[in-house]
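One structure is given below, encoded as structure tokens.
Since the model is a prediction, treat every value here as computed from it, not as a measurement. When reading the values below, keep in mind they use all heavy atoms of this one structure, side chains included, and skip hydrogens, waters and symmetry mates. In each ligand, atom 1 is the first atom listed, and ligand 1 is the first ligand listed.
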Amino acid sequence: MTTPIFITGTDTDIGKTFISALLIEAWGCNYWKPIQTGLDSDPGDTFTIKKLLEQSLGVPKTTTIFQPQLEYMKPLSPWRCTILENKPSINIEELKFPATKDNLTGSKYTIVEGAGGILVPINKTSYTTDIIKHLDASVIIVARSELGTLNHTLMTVEILKQNKIPILGVILNGDINNDNALTLSELNVKIIAQIPKANSLKDVVDLVPALETILS
Ligand SMILES: C[C@@H]1NC(=O)N[C@@H]1CCCCCC(=O)O
């Protein structure tokens, strides 16, 4: 029905939402953030995605933007939010794609954005990796381009491999750093794109390769 492409980061605040919007602009896919935290201090990533697309070329005609299934107020991991906000523990099996054949505008692919990185705890015994496995998703890792990214990116790749989760590649976000891109490539980490800081999605959308080249 819809093929999920899960966007994770090597850390929180690494630019996952900007990159998700960029991929939607480039590929016209759908968007879903299953679990949103931090709504007491932030409008949430679903709102930001719409705003970024509207400030650029508009929401693509093939794109459906779904609302989060679970929302929390504190800017913390989902597990800590459930505890501190007196909410039930999250059951990953109950996370369900909101897409049905009637509410999809066109695209077969859905960008699914996680909260933070892949080992963010969802409950006492599960992590974001368990959500990715439950959704049977492939992963794009958003990493910063600068010094420090080798360690964080390779740790993320290692955990995904241990969990037998398919990795589509890495997007380096920030000042172009060809040496980090080369080093990761030499270690068999596929670099999908390097995206420098931009005011608008349309300034960098041409740097995103075609979706078919990522999937093949
Ligand atoms: C507040 C933000 N909202 C959201 O959805 N992701 C951020 C939370 C990420 C949690 C990171 C936990 C950690 O790694 O320490």
Can you see whether [X] engages [Y] through a side-chain donor-acceptor pair at a distance of less than 3.5 angstrom?
| X | Y | value |
| --- | --- | --- |
| T110 | T2 | yes |
| S126 | N123 | yes |
| Q194 | N180 | no |

Tell me the protein heavy atom at minimum distance from [atom], and give that distance in Å.
| atom | answer |
| --- | --- |
| atom 4 (C) of ligand 1 | T37 OG1, 3.3 Å |
| atom 14 (O) of ligand 1 | V120 CG2, 3.7 Å |
| atom 9 (C) of ligand 1 | T12 OG1, 3.7 Å |

**Asked** Given P60, which of L57, T64, T62 fulfils the side chain to side chain contact (heavy atoms under 4.5 Å, CB included) condition?
**Response**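 The option that passes is T62.
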
**Message:** I192 and side chain to side chain contact (heavy atoms under 4.5 Å, CB included): which single residue from I19, L23, I141, I140 fits?
**Reply:**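 Considering I19, L23, I141, I140, a side chain to side chain contact (heavy atoms under 4.5 Å, CB included) with I192 is found only for I140.
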
**Item:** S77 N/O to ligand 1 N/O under 3.5 Å
**Value:**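 So ligand 1 has no N or O lying under 3.5 Å from an N or O of S77.
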
**Message:** Could you check whether any heavy atom of K33 sits closer than 4.0 Å to an atom of ligand 1, since that is the contact criterion I want to use?
**Reply:**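 Judged by the 4.0 Å heavy-atom criterion, K33 does count as contacting ligand 1.
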
**Request:** With heavy atoms of P75 as the reference, note each atom of ligand 1 found under 4.0 Å away.
**Result:**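 Those atoms are 1 (C).
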
